[in-house]
There are 2 protein chains.
Amino acid sequence: MPQPSAPRKTPGRPPRISREEVIATARRIVDAEGVDRLTMRRLATEIGSTPMALYHHVRNKEELLVLLLDDYAARALHRPELPAQPRERIVAAAAAIHEALAACPWIAEVLTADDLMSTSALWFVEQILDGLVESGLTPERAVHGYRTIWYYTAGEIVVRTTAARRRADDDGPTYRERVFADLDPNELPRLAQVADRWAPLTAENTYLDGLRALIDGLLAAH
Amino acid sequence: MPQPSAPRKTPGRPPRISREEVIATARRIVDAEGVDRLTMRRLATEIGSTPMALYHHVRNKEELLVLLLDDYAARALHRPELPAQPRERIVAAAAAIHEALAACPWIAEVLTADDLMSTSALWFVEQILDGLVESGLTPERAVHGYRTIWYYTAGEIVVRTTAARRRADDDGPTYRERVFADLDPNELPRLAQVADRWAPLTAENTYLDGLRALIDGLLAAH
DNA sequence: GCTATTTTTCTTACATGTATAAAAATCTAC
DNA sequence: GTAGATTTTTATACATGTAAGAAAAATAGC
């Protein structure tokens with residue numbers, strides 16, 4: 001057992017790099033050249049070490065990306081003035097998280113995390129929970145409500161980001177276009193009706209509308 | 001230009017495998033041993049070919065997984081009797097999609113698709129659109145409403161599936177546990193209040209509650 | 001039959017994440 | 001000092017997706 005009052009020298013070979021250094025260097029690469037260029041080998045070279053040395057500071061690449069996201073969230077999420085009215089506070093807090101995440105283009109690779117639980121995001125989660133409780137929900141239902149909002153928010157970002165990436169990769173006609181091309185208006189009239197407007201309609205950013213509807217529904221259920 | 005009335009012989013080396021065969025073999029592997037065991041080499045061996053030959057029938061592995069999902073959806077999604085009342089029809093259609101997808105454990109890898117646009121899912125999309133229009137929404141707002149439901153549904157599945165996978169991989173204490181361990185009850189009282197119940201609360205399946213709230217909110221907004 | 005064309009298949013090669021085990025660098029006990 | 005113990009770093013190796021191009025197998029025109 002390590003003695004907390006003992007002199008601070010630990011045994012073993014002293015580290016030449018630190019987790020902080022790894023994260024900071026990774027951030028530089030991602031900021032400068034995009035997440036695609038972030039490889040463990042590249043990162044090791046940049047930091048003046050070897051690929052496997054990194055694995056003593058991060059569990060694997062996925063954890064590194066989560067740490068990068070936390071790091072990003074800590075910078076991007078400052079605490080704004082939120083409205084006093086509970087419903088509007090919930091909207092504003094969720095929208096702030098959404099805005100920060102949506103601005104982070106490499107996010108879809110990570111965003112499937114269980115919650116966004118970086119310390120800097122907790123304050124926003126607190127605001128949402130508080131708004132829900134103030135609106136009359138029990139703490140338990142407030143947690144469920146927050147999760148619902150998170151599912152919607154994460155889903156919106158992941159779906160949109162991935163769709164954008166696929167569009168960039170593909171050249172030929174989308175699978176979607178092919179499907180819409182031979183819709184039977186008798187069998188699927190509503191889809192046929194909007195078929196030619198589907199692309200622009202789904203390209204619109206309706207996150208806030210959906211969020212408000214969702215929160216309205218959550219609060220109306222008492 | 002190919003003449004439709006010409007004899008059916010096409011030039012070029014005749015294919016020894018087909019896209020259907022690739023998909024069917026891939027499905028066998030996934031069903032029997034899980035999606036992790038599906039590699040292009042394994043699939044090629046199983047099918048009696050070489051890895052690169054597969055790439056003439058599917059664009060890449062991601063497309064193969066999407067095709068697998070479509071194939072799965074075609075089998076899993078039979079058209080049930082849906083309620084006549086629009087709101088309940090929307091709930092039932094979305095819940096049917098959700099249920100089919102949630103039962104598919106390898107889904108998170110693919111589910112970030114733009115929409116679930118396999119032909120067999122279209123009927124459900126139609127039902128949702130129709131329910132929304134019948135409830136008074138314009139076709140445009142109905143499309144937005146459907147997308148909102150899809151974001152929520154996809155987000156729920158992806159987040160839950162990934163969380164389950166991470167729990168299975170990790171051994172040590174969760175990042176989440178560590179975060180909750182040192183919460184300051186003065187700064188974040190609501191979170192502190194539910195901290196010890198967070199894991200069971202978020203493990204509960206509240207998809208249907210959230211879905212109903214969301215649809216209520218969408219319909220209330222006219 | 002011979003050549004050109006077209007389509008599919010096969011061979012080879014590379015970048016990537018990471019497992020495994022050896023090596024290096026430090027501390028502690030004697 | 002010398003011998004473990006402990007921790008970090010390095011070297012090597014492997015599985016994977018897939019790019020690039022050669023080879024094979026068919027048709028079409030002559």
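Atom set for the values below is all heavy atoms of this structure, side chains included, hydrogens, waters and symmetry mates excluded. Reminder, nothing fancy here: chain letters follow the sequence lines and each chain counts from 1.
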Margin query: Strictly below 4.0 Å: does T10(A) bring a side-chain N or O up to OP1 or OP2 of dT6(D)?
Written below: no

Notebook entry, point to check: At under 4.0 Å, does any side-chain N or O of H57(A) touch on OP1 or OP2 of dT9(D)?
Noted result: yes

Next item on the list: Go through dT16(D), dT10(D), dT16(C) for me and flag the one nearest to the T50(A) side chain.
Entry: dT10(D)

With 3.5 Å as the limit, what N/O pairs link the protein to nucleotides 18-21 of chain D?
unit_1  : atom_1 : unit_2 : atom_2 : d
dT18(D) : OP2    : Y55(B) : OH     : 2.8
dT18(D) : OP2    : K61(B) : N      : 3.0
dT18(D) : O4     : R41(B) : NH2    : 3.3

Checklist line | Between P of dT26(C) and CZ of R13(A), the distance in whole Å | finding: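 About 8 Å, once rounded to whole Å.
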
Margin query: Expressed as a whole number of angstroms, how long is the span from L54(B):CG to dC10(C):P?
Written below: 10 Å

Test: [X] and [Y] ion pair at under 4.0 Å:
X	Y	result
E126(B)	R79(B)	no
E46(B)	R28(B)	yes
R197(A)	E204(A)	no

Note to self: Is it true that Y151(A) and R160(B) share a donor-acceptor pair across their side chains at a distance under 3.5 Å?
What the structure shows: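 There is such a pair (donor and acceptor under 3.5 Å, judged by atom type) between the side chains of R160(B) and Y151(A).
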
Check: Would Y207(A) and T153(A) count as having a side-chain donor-acceptor pair, cut-off 3.5 Å?
Finding: yes

Margin query: Using a 3.5 Å distance criterion without hydrogens, assess whether the side chain of T39(A) forms a donor-acceptor pair with backbone atoms of R42(A).
Written below: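 Present.
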
